[in-house]
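Note that the numbering runs from 1 along the sequence shown for the chain. Just so you know, these numbers use all the heavy atoms, side chains as well, and skip hydrogens, waters and symmetry mates.
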Amino acid sequence: PNFRAKTISIAYAATNLGLGLSGVLIAGLTYKDFNSLFCFFSVLLCVCSIYLCCKRDPIVQSQDQALRVVEANQEPSKENATLLYIVLGSLFLIGLIIAQLSTTYPIYIEKSFPSLGNRSISYLYLLDTVLIVIFQAPLTHLTSQMNKLVILGVGALLMGLGMLILSFSVTFLIAIFSCVVWTTGEMLFMSNAQCICYEVGPQRKKGRSMVVFQSTYALSIVLGPMMGGLVFQYMGGETLWYISLVIGATCFISCLFYSDYV
């Protein structure tokens with residue numbers, strides 16, 4: 001399980017590294033035609049897909065044969081089902097906060113620091129990516145022996161707290177500190193949430209657990225901008241960040257209450 005958690009964290013860090021590099025690459029090609037960039041990535045994806053389809057890994061094959069010994073319709077225990085509901089519920093709520101990063105968060109930062117303009121949000125996005133790439137794997141290793149559900153709850157609380165700190169951002173340094181707190185919570189939450197969802201799923205239905213995980217996250221990302229936008233427009237950004245703290249604290253208390261199930 002610890003190896004699985006570390007693998008998930010490395011994959012998450014690699015994803016953020018790709019997002020960061022793509023932003024830099026696109027920014028550097030703004031004065032050129034994008035057709036060459038699209039063609040390059042299309043060819044690269046096709047080559048990678050063909051390679052993965054043709055590659056036959058003996059380790060994966062042996063693992064698949066071993067799993068056939070397990071009963072195909074194995075149902076999760078009551079504790080595992082409860083854990084799954086807690087994680088998915090927390091994922092949905094935290095996804096509502098994450099959705100603000102692409103909607104209300106940039107607006108609030110630009111209004112708070114008009115002298116920096118668009119650079120303010122660019123600096124914070126870059127900081128978020130750099131922190132995840134550098135510290136995601138070490139942080140996962142550091143917490144690998146701890147209760148995953150408790151760490152997940154701590155991550156949710158830090159994400160909510162990071163948003164609340166924005167309300168006191170009288171200087172850009174406080175906004176940077178908010179980003180550090182937020183990103184630390186993100187690293188703790190996302191990797192552990194995905195790992196727990198995989199581990200508590202039925203032995204022969206791990207893929208279905210991941211589908212439910214991604215669907216829940218996608219639903220929150222779809223609803224988050226609309227809900228956050230309404231709060232931001234009629235109640236202000238400060239109210240939205242306080243609500244984020246309430247969400248994070250709720251997830252933390254729920255995870256702490258059911259931590260014995262892990």
Side-chain angles (χ1 to χ4, degrees), residues 5 8-9 12-13 15-17 19-20 87 90-113 116 119-144 146-195 217 220-221 224 228 231-232 236-256:
I8 292 174
S9 69
Y12 188 69
T15 301
N16 280 270
L17 177 61
L19 291 174
V87 173
S90 299
L91 177 67
F92 177 80
L93 293 175
I94 293 300
L96 297 178
I97 303 178
I98 295 176
Q100 308 312 311
L101 292 179
S102 59
T103 52
T104 57
Y105 182 78
I107 299 174
Y108 186 85
I109 292 296
E110 290 184 16
K111 286 184 176 180
S112 300
F113 307 100
L116 294 175
R119 291 179 299 170
S120 59
I121 189 64
S122 300
Y123 293 152
L124 294 177
Y125 281 164
L126 180 61
L127 177 62
D128 177 77
T129 300
V130 170
L131 289 175
I132 292 177
V133 171
I134 296 177
F135 294 107
Q136 177 69 72
L139 189 61
T140 301
H141 176 73
L142 183 65
T143 60
S144 60
M146 302 179 184
N147 188 300
K148 287 186 176 60
L149 194 62
V150 173
I151 298 301
L152 184 148
V154 171
L157 182 61
L158 289 176
M159 294 175 78
L161 183 61
M163 283 301 193
L164 178 65
I165 295 175
L166 287 176
S167 302
F168 309 97
S169 299
V170 293
T171 66
F172 193 64
L173 287 177
I174 298 180
I176 292 177
F177 176 68
S178 167
C179 181
V180 172
V181 175
W182 155 269
T183 304
T184 303
E186 182 184 4
M187 289 187 286
L188 292 174
F189 182 89
M190 293 304 296
S191 59
N192 282 285
Q194 186 172 354
C195 186
Y217 182 67
S220 64
I221 294 299
V231 175
F232 188 86
E238 288 76 11
T239 302
L240 183 59
W241 310 143
Y242 276 99
I243 293 176
S244 299
L245 177 63
V246 172
I247 290 176
T250 301
C251 295
F252 172 72
I253 294 173
S254 300
C255 292
L256 200 63

- prompt: Hey, are the side chains of Y242 and L164 touching, using non-hydrogen atoms and a 4.5 Å cut-off?
  reply: yes
message: Rounded at 0.5 Å granularity, tell me how far CZ in F168 sits from CD in E238.
response: 9.0 Å
message: If I compare all heavy atoms of G228 with all of L240, which pair ends up nearest, and what's the gap?
response: O-CD2, 3.9 Å
- prompt: Once you round to the nearest 0.5 Å, how far does OH of Y217 lie from CD of Q194?
  reply: 11.0 Å
field: Side chain Q136, main chain M187, donor-acceptor under 3.5 Å
entry: yes
- request: Test side chain to side chain contact (heavy atoms under 4.5 Å, CB included) on M159 and I98 and set out the steps.
  value: CA-CA 9 Å; M159 294 175 78; I98 295 176; 3.7 Å; yes
- request: Spell out, as yes or no, whether a donor-acceptor pair under 3.5 Å connects the side chain of T184 to the backbone of V180.
  value: yes
- prompt: Taking everything shown except F177 itself, do over 12 heavy atoms lie less than 6.0 Å from its CZ?
  reply: no
- request: To the nearest 0.5 angstrom, please state how far the CH2 atom of W241 sits from the CD1 atom of I165.
  value: 13.0 Å
task: State whether the side chain of Q100 and the backbone N or O of G224 hold a donor-acceptor pair below 3.5 Å, judged by distance alone.
output: yes
task: Could you tell me whether the side chain of D128 reaches within less than 4.5 Å of the side chain of E186, counting heavy atoms only?
output: yes
- prompt: Got a second to check how far I94's CD1 is from T250's OG1, nearest 0.5 Å?
  reply: 9.5 Å
- prompt: Minimum heavy-atom separation for S120 to I109, with atom names?
  reply: OG-CG2, 3.4 Å
- request: Evaluate the criterion side chain to side chain contact (heavy atoms under 4.5 Å, CB included) for residue pair I121 and Y105; output intermediate values, then yes/no.
  value: CA-CA 9 Å; I121 189 64; Y105 182 78; 3.4 Å; yes
query: Which atom names give the shortest non-hydrogen contact between G95 and I221, and what distance separates them?
result: O-CD1, 3.7 Å
Side-chain (S244) to main-chain (G160) donor-acceptor, under 3.5 angstrom: no
statement: Looking only at heavy atoms, the pair that brings V170 and I174 closest together is CG2-CD1, 3.6 Å
field: Identified side-chain contact (heavy atoms from CB on, under 4.5 Å) counterpart of T143 within the set L188, V154, V150
entry: L188
- prompt: Nearest heavy-atom pair of F92 and S220: which atoms, and what distance?
  reply: O-CB, 3.2 Å
statement: The reported gap from OG in S112 to CZ in F172 (rounded to nearest 0.5 angstrom) is 10.5 Å
- prompt: Would you say Y123 and I176 make side-chain contact, with heavy atoms under 4.5 Å?
  reply: no
field: Minimum heavy-atom distance between Y108 and L166, given as atom pair plus value
entry: OH-O, 3.3 Å
message: Pair I97, W182 - check side chain to side chain contact (heavy atoms under 4.5 Å, CB included), show working.
response: CA-CA 10 Å; I97 303 178; W182 155 269; 3.4 Å; yes
query: Do you know which of L157, V87, L152 makes side-chain contact (heavy atoms from CB on, under 4.5 Å) with F189?
result: L152
statement: Rounded to the nearest 0.5 Å, the CD1 atom of I107 sits from the CZ atom of F232 at a distance of 5.5 Å
